[in-house]
Amino acid sequence: MSALIFFLVFAGFILLMEIVAWITHKYVMHGWLWSLHRSHHEPREGAFEKNDWFAVLFAVPSMILMYFGVHGYPLAMAAGLGILGYGLIYFFFHDILVHRRIDFGLRPKKGYLARIVQAHRLHHAVESKDGCVSFGFIFPPSPKHLKTLLKAKEAAVLRAPDSESFSAHAP
Ligand SMILES: [Zn+2]
Ligand SMILES: [Zn+2]
């Protein structure tokens, strides 16, 4: 097997994980597993938050693939390393660059890294399950586009108040 195919599978899994992470964040974390993800939209007490369980969860397929990788399936190793690679990129962008859980003093002012930080800050502009924007990481939309989206979502909520607050005013 050529090194090129190994690399293509590795890079392909990094891209695939961005899609998986986007879907998981939008529909699972801000969906039926909001109970775990909510901790990330609230101030953290201590070094860890319930949301960190997602990192543990994503490490499982990576480890299984690498197990098969060392037992005769080199492409499984490429896939496992791709998931690990994405995890490391995510950890660097999300936990170090944006949330500064380890503060190396990195404060990007312009360019790609600054855009990553702005896009995820705008994800945290809404600290609730619904109404959030920007669920991915390595392809950050422009802050201008995200702000327009946020405004549109806000307006939609104002137009359609949830049934609880509505019934509170009912006789
Ligand atoms: Zn979120
Ligand atoms: Zn975050």
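Both counts, for ligands and for their atoms, begin at 1 and track the order of listing. It should be emphasised that the depicted structure is a prediction, and the values quoted were computed from it without experimental measurement.
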Would one find an N, O or S atom of His123, in either backbone or side chain, under 2.8 Å from the Zn ion (ligand 2)? no
Any carboxylate oxygen within less than 4.0 angstrom of a Lys/Arg side-chain nitrogen, looking at Arg101 and Asp52? yes
Ring pair (Phe, Tyr, Trp, His ring centres under 6.0 Å) between His30 and Phe135, intermediate numbers included: CA-CA 10 Å; His30 283 259; Phe135 294 92; 5.3 Å; yes
For Phe93 and Leu113, the nearest pair of non-hydrogen atoms, with its separation, is CE2-CD2, 3.5 Å
Please check: side-chain N/O of Ser39 versus main-chain N/O of Glu49, any donor-acceptor pairing under 3.5 Å? no
Could you grab the angle centred on the Zn ion (ligand 2), going from NE2 in His124 to NE2 in His120, to 10°? 90°
For the Zn ion (ligand 2), the nearest N/O/S atom on His40 is atom NE2
Would you say the Zn ion (ligand 1) has His41 as a near neighbour, meaning an N/O/S atom of that residue under 2.8 Å away? yes
Angle subtended at the Zn ion (ligand 1) by His30 NE2 and His37 NE2, to the nearest 10 degrees, is 100°
Once the angle between the rings of His120 and His124 is folded into 0 to 90°, is it parallel (under 30°), tilted (30 to 60°) or perpendicular (over 60°)? perpendicular
